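Note sheet for the following structure.
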Amino acid sequence: MDLKKNYLVGVFDDDDVLLNAIPKIRESGIKIEDVYTPFPVHGIEEKLGYKRSKMSVAAFCFGMCGTSFAIWMQTWMLGFDWPMIIGGKNFISAPPFVPVTFELTVLIGSLGMVGTFFVMAGLAPWAKPRIFDLRSTDDKHVMAIDLAANSRSENEIQGMLQSNGAAEVYRKDFED
Amino acid sequence: MSVVVSSVRTPLITGTKTLHDVSDDICRYVERPPSKSWMVAIALSLATLGFGVYCLYRTLWDGIGVWGLNKTVGWAWDITNFVWWVGIGHAGTLISAILLLFRQKWRMSINRAAEAMTIFAVICAATFPLIHMGRLWLGLYWVLPLPNTFGSLWVNFNSPLLWDVFAITTYFTVSLVFWYLGLIPDFATIRDRAKLPWRKKFYSALSFGWTGKARDWNHYETVALILAGLATPLVLSVHTIVSFDFATSVIPGWHTTIFPPYFVAGAIFSGFAMVLTLLIITRRVFHLENYITLYHMELMNIVIIVTGSIVGIAYITELFMAWYSGVEAEWYAFRNRALGPYWWAYFSMMTCNVVSPQLFWFKPIRRSIVSTFVLSIIVNIGMWFERFVIIVTSLHRDYLPSSWAMFTPTLYDVGDFLLTFGFFFTAFLLFAKFFPVINIAEVKTILKSDSQKS
């Protein structure tokens, strides 16, 4: 099996040119692997056909875990495991449990969501990313097209990229 | 690309920068060897830290009896410093979270440094309650909901001091995560510019393998927005809960329902003042005048007028309510604050916090670097006195006149405060040297709307 990955890389100078180019390239039947931009370009996810991020669902689920855990913890510790008389008050009463419940909801909700994001995006200190062009974190927008995933010829794709405003087009191969 | 300058909006970034200029301007200081002024500054901070560590060692070895506390004044500098630092720690997450929700783009060039300041200030704050427990290392587990003495007695969830533990821990963790999330794309920028192998490795690990894929940005932006949504009530909750430490007690002068909003406003007030102090120095040292402009300072000064005025109204309301309540002890506590032996502390607080920020109504003062710098320091002195007034003057004359006392700080009170200053400035200087002080990726998003159109 050939483990080599062959890409055609299109470099764009301007985000508006890039935004106009994406639908035209996709309409011509070319599959774009992904676009690498130095800053979040708004509206790019729609043009690339990406769905709205569902990170809010993760935040909600983890947040609810935090809420339930906090309520259970306080009720069980002070109400059942070792009830203590503090100022003659009820063992279990809602108002004093509000601050800790709120804080744990926020804490577990945010950590859970960010954790989910890191796992989904494969972000970790030991991650070895595939970098197409070093300038993509500086001032260029880089479009990567996997040649194996496309039936069109390399020349056709190159022409398509250039006619849609790519300032540079070149081939990049990776070993794995 | 032709350059178009908007005639309607004040540009947030001046000097018609290109995307590449932004990377250059901000990464330059990370890539260069440290400057002489930086070396001098870090040497001074480390010396202060060293002296602080000595004082901390004596405090821990001999016990907190080395502080000036006495039978009547059981809380003084330690808790004053704690509340002061927590207050300062409010600006960073307020700027990055609340201003993000309000789509205030001017936050973009100041949020990174403000968030770093927040994180270091919260660490400084947390030091004091931990030292106060006498044994720092035990304090770390005493506060957690673990069975006491490893038996089965739990912490008391009815206590505002325990709420504080949860509030500060959560605030610290969420602020740290928010700050780090913002740093990831910028670390990737430094990684991709790096020529030296060690630098490439170091920033490669810090950048978590970020490449700036559109797919990742899509999630990233949602994550940042939700974190902002979660952090907004969190910012407000932290100082609310800190104020509960006092408000839920029955000490005259502390037992007031006005404390939560009044403390939150005061926290934002002092936090913005500290951000201004640090940013005025940072922009000068790192030549970032095009990114942190006079317009940014003016907007922050407006926040200072608003929050300073809220604080002023709170002081007066508190005074009025003490009289109007008809509670003799309460009214005495307030008369004693203003006219008793600590009148000078009350007077300093009133001048620094109520009168001085009103000077910002004048445009030339609001837009002057020198006056902003001076006033930002005055505000922080005033806010320290506010906490001192609330804590010490409410305690020093209790219900028994035979136990009335005055508080005199010792070398160790001062030294432990210096410890946190030493830590704060050392940490901030290290941050400013090795981390990008401005959010590069975010600033790039506002360049076009500011100055350029293709």
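It should be emphasised that the depicted structure is a prediction, and the values quoted were computed from it without experimental measurement.
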**Q.** Heavy-atom neighbours of A:E46 CD exceed 12 at 6.0 Å
**A.** no
Q. Distance from B:N156 atom CG to A:M84 atom CE, nearest 0.5 Å?
A. 5.5 Å
Q | Of all pairs that satisfy side-chain hydrogen bond (donor to acceptor under 3.5 Å, both in side chains), the ones with a partner from residues 97-116 of chain A, not counting sequence neighbours | A | A:T67-A:T105, A:Q74-A:T101, A:E103-B:S237
Q. Between B:E442 and A:F39, does a side-chain contact (heavy atoms from CB on, under 4.5 Å) hold up when you go through it step by step?
A. CA-CA 7 Å; B:E442 270 202 328; A:F39 54 84; over 6 Å; no
Q.
Non-hydrogen contacts under 4.5 angstrom with chain B: give the residues of residues 151-170 of chain A involved, or none if there are none.
A. none
Q.
Return the CD1 to CZ distance between B:I241 and A:F102, rounded to the nearest 0.5 Å.
A. 7.5 Å
(Q) Can you tell me which of A:R52, A:H42, A:E33 forms the most heavy-atom pairs within a distance under 4.5 Å of chain B? (A) A:H42
Q: Heavy-atom pairs under 4.5 Å with chain B are the metric here; pick the option from A:A127, A:P99, A:P40 that has the most.
A: A:P40
Q) In Å, rounded to the nearest 0.5 Å, how long is the span from CG of B:D216 to OH of A:Y36? A) 8.5 Å
Q.
Need one label for A:A121: side chain, backbone, both or neither, based on atoms under 4.5 Å from any heavy atom in chain B.
A. both
**Q.** Interatomic spacing from CG in B:L234 to CG in A:L107 - rounded to 0.5 Å
**A.** 9.0 Å
Q) Side chain, backbone, both or neither: which part of B:P160 has a heavy atom under 4.5 Å from chain A? A) neither
(Q) Is B:V223 close to chain A through its backbone or its side chain, or both, or neither, when contacts mean heavy atoms under 4.5 Å? (A) both
(Q) Donor-acceptor check, side chain of B:N158 to backbone of A:K89, threshold 3.5 angstrom: yes or no? (A) no
Q: Against chain B, label A:L111 side chain, backbone, both or neither, depending on which of its atoms sit under 4.5 Å from a heavy atom there.
A: side chain
Q: Below 4.5 Å from any heavy atom of chain B, which atoms of A:R130 appear? Answer side chain, backbone, both or neither.
A: backbone
Q | Which portion of B:L230 sits near chain A, non-hydrogen atoms under 4.5 angstrom | A | both
(Q) Other residues, nucleotides and ligands only: do more than 12 of their heavy atoms fall within 6.0 Å of CH2 on A:W126? (A) no
Q.
Please report the interatomic distance CE(A:M113) to NE2(B:H219), rounded to the nearest 0.5 Å.
A. 12.5 Å
Q: Might you point out which heavy atoms bring A:I44 and B:A214 nearest each other, and give the distance in Å?
A: CG2-CB, 4.1 Å
Q.
Within the structure provided, determine whether B:F157 and A:M73 are in side-chain contact (heavy-atom separation under 4.5 Å).
A. yes
Q | For chain B, the option from A:P125, A:P96, A:P129 that forms the most heavy-atom pairs under 4.5 Å | A | A:P125
Q. Looking only at heavy atoms, what is the nearest atom pair of A:A59 and B:I226, with distance?
A. CB-CG2, 3.8 Å
Q | Winner by heavy-atom pair count (cut-off under 4.5 Å) against chain A, out of B:C27, B:S207, B:P233 | A | B:P233
(Q) Heavy-atom cut-off 4.5 Å, strictly under: side chain, backbone, both or neither for A:F118 against chain B? (A) side chain
Q) Relative to chain A, which segment of B:L181 carries a heavy atom at a distance below 4.5 Å: side chain, backbone, both, or neither? A) side chain
Q) At a heavy-atom separation under 4.5 Å, does B:I184 approach chain A through its side chain, its backbone, both, or neither? A) side chain
(Q) Can you list the residues of residues 136-149 of chain A that sit under 4.5 Å from chain B, counting heavy atoms only? (A) A:S136, A:T137, A:D138, A:D139
Q) Counting heavy atoms not belonging to A:I85, are there more than 12 under 6.0 Å from its CD1? A) no
Q.
Heavy-atom cut-off 4.5 Å, strictly under: side chain, backbone, both or neither for B:F178 against chain A?
A. neither
Q: Could you tell me the separation between the CH2 atom of B:W217 and the CG atom of A:D34, rounded to the nearest 0.5 Å?
A: 13.0 Å
Q | CA sep, side-chain torsions, deciding dist, call: A:I131, B:R191, side-chain contact (heavy atoms from CB on, under 4.5 Å) | A | CA-CA 11 Å; A:I131 295 168; B:R191 171 199 69 201; 3.7 Å; yes
Q: Could you tell me which residues satisfy ring-ring contact (aromatic ring centres under 6.0 Å, His included) with B:W163, sequence neighbours excluded, listed by chain and number?
A: B:F244
